[in-house]
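Below is one structure, written out as structure tokens; the observations come after it.
The sequence lines fix the lettering, A, B, ..., with proteins before strands; numbering per chain opens at 1.
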2 protein chains.
Amino acid sequence: MTKPGKRDHSSPPREQRSPVIFLLAQVGAHAASKFGERLKQIGLSRPHSGILWNLDFAPSITQRQLARLLHMLPSRLVPLLDDLESKGLIERRANPHDRRRHALHLTNKGRTALEQIRQISRDHQKDVLTALSNEEQRTLGEILQRLADQQGLARGVHPGYARLSQVETERKD
Amino acid sequence: MTKPGKRDHSSPPREQRSPVIFLLAQVGAHAASKFGERLKQIGLSRPHSGILWNLDFAPSITQRQLARLLHMLPSRLVPLLDDLESKGLIERRANPHDRRRHALHLTNKGRTALEQIRQISRDHQKDVLTALSNEEQRTLGEILQRLADQQGLARGVHPGYARLSQVETERKD
DNA sequence: TATGAATTATTCTATAATGGAATTGTAAGA
DNA sequence: TCTTACAATTCCATTATAGAATAATTCATA
């Protein structure tokens, strides 16, 4: 039945190597997804962690600047900040020079949470990269950093922050 | 003002190297997103392309099997298949042995579309990996394939297919 | 072969996420 | 003082999504 010269469909040839670009997206999405899973244990989503991470590097930033940095609409950032503030991880401080603006700051509790996030990230990395030698891990990191830089990606800013919050926020009833 | 021993917050030290696991997720998401952009030129989303891709390897598969393969709810797969069918890229053939099941097949037009997708993917890969030598590209591919295999990721199945369709489906009015 | 359980595809529905348009309060310039 | 610009927030309409319900069919077995 199967004509020669055509692909043999009778036994799906699943062994093909995927294109590098596909592997990159596939493994990256897997890593992100698993990281999100781990974050649930401390009641946060990936966007939340991205905010804390960036707030540590850019304290006193305004909401608009942060939204711009994370490529996120202000209207989407607000509820995420509300979450973090209600958990006591950040505070919106009044700006004495311009009362329209809020200066965002990590609280001590927020810094502790960030330490937890870093530990979770380390554990996660260890698990995901377990198939690689230390040397290979270094190589991978060096290559990826080069790609990120050449593609104009800002350090610490995940494109996925721009969508999906995804954390079962505890019902406030 | 700045106390030694503490991090200097006055000029955000954006130069830190990101953790490898973060780079992986970041660059991967970037690659996926850019690929999605390119797919718009042929009116398809990434899940659509994933379906076509997998249908080529597993012709005559049922919808349930496909949904399971792509880690997607059947109720989400149905409208995606509707899109592809209305564009004439796939067909749902009647299964003579079990009239509950549909056997999914690419049409010739669907195969042509898949060829376009492959070309788009090649162009995309070339652009994203332009900072790397051929040797480095091979190394990256080898490393990523090892990670994918060790993490139990099926070839050709992107975890992100499970959500987001994201294509301006033309209004059917 | 009749009857009930299981299976496939589909549709329905309630909830949630999202982008963009108001809205409110404040600042700055003419 | 007006008027315009801007920051944060709220509102709203649209879309996406998971999961339940439905309809048609097959299967198991009494």
Does one side chain, of H158(A) or Q26(B), offer a donor that lies under 3.5 Å from an acceptor on the other? no
Atom CG of N95(A) to atom P of dA7(D): distance rounded to whole Å? 11 Å
Separation of atom CG in L104(B) from atom C1' in dA9(C), rounded to whole Å: 11 Å
Nearest-angstrom distance from the residue atom CG of L80(A) to C1' of dG19(C): 14 Å
Does a nitrogen or oxygen in the side chain of R64(A) sit under 4.0 Å from OP1 or OP2 of dA7(D)? yes
Contact between Q63(B) and R101(B) at the side-chain level, heavy atoms closer than 4.5 Å - yes or no? no
From CG of L81(A) over to P of dA7(D), roughly how many Å is that when rounded to an integer? 15 Å
Of all the choices, dT9(D), dT26(C), dG19(C), which nucleotide is nearest to the side chain of V78(A) once you look at every atom? dT9(D)
Check whether any side-chain nitrogen or oxygen of R99(A) sits under 4.0 Å from OP1 or OP2 of dT24(C), and answer yes or no. no
Atom CG of L70(B) to atom P of dA18(D): distance rounded to whole Å? 13 Å
Taking atom types as modelled, find out whether H48(B) and D83(B) have a side-chain donor-acceptor pair closer than 3.5 angstrom. yes
Does dT9(D) have its OP1 or OP2 closer than 4.0 Å to a side-chain nitrogen or oxygen of H102(A)? yes
Closest listed nucleotide, where the reference is the side chain of D98(A) and the choices are dT8(C), dT26(C), dG20(C): dT26(C)
Donor on one side chain, acceptor on other, E142(B) and T139(B), under 3.5 Å: no
Short side-chain N/O contact to dT8(C) OP1/OP2 from R101(B), under 4.0 Å: yes
Should we count CZ of R122(A) as having more than 12 external heavy atoms under 6.0 Å? yes
Answer with base, sugar-phosphate or nothing: what part of the nucleic acid does S75(A) contact at a heavy-atom distance below 4.0 Å? base
Using whole Å, report how far CG of L77(B) lies from P of dT17(D). 13 Å
R100(B) or H97(A), whichever maps to the more 5' nucleotide of DNA chain C: R100(B)
Rounding to an integer number of Å, can you tell me how far L73(A) CG sits from dC12(D) P? 18 Å
Starting at CD of Q63(B) and ending at P of dT11(C), how long is that distance when rounded to a whole Å? 10 Å
Taking only N and O in the side chain of R76(B), is any of them less than 4.0 Å away from OP1 or OP2 of dT17(D)? yes
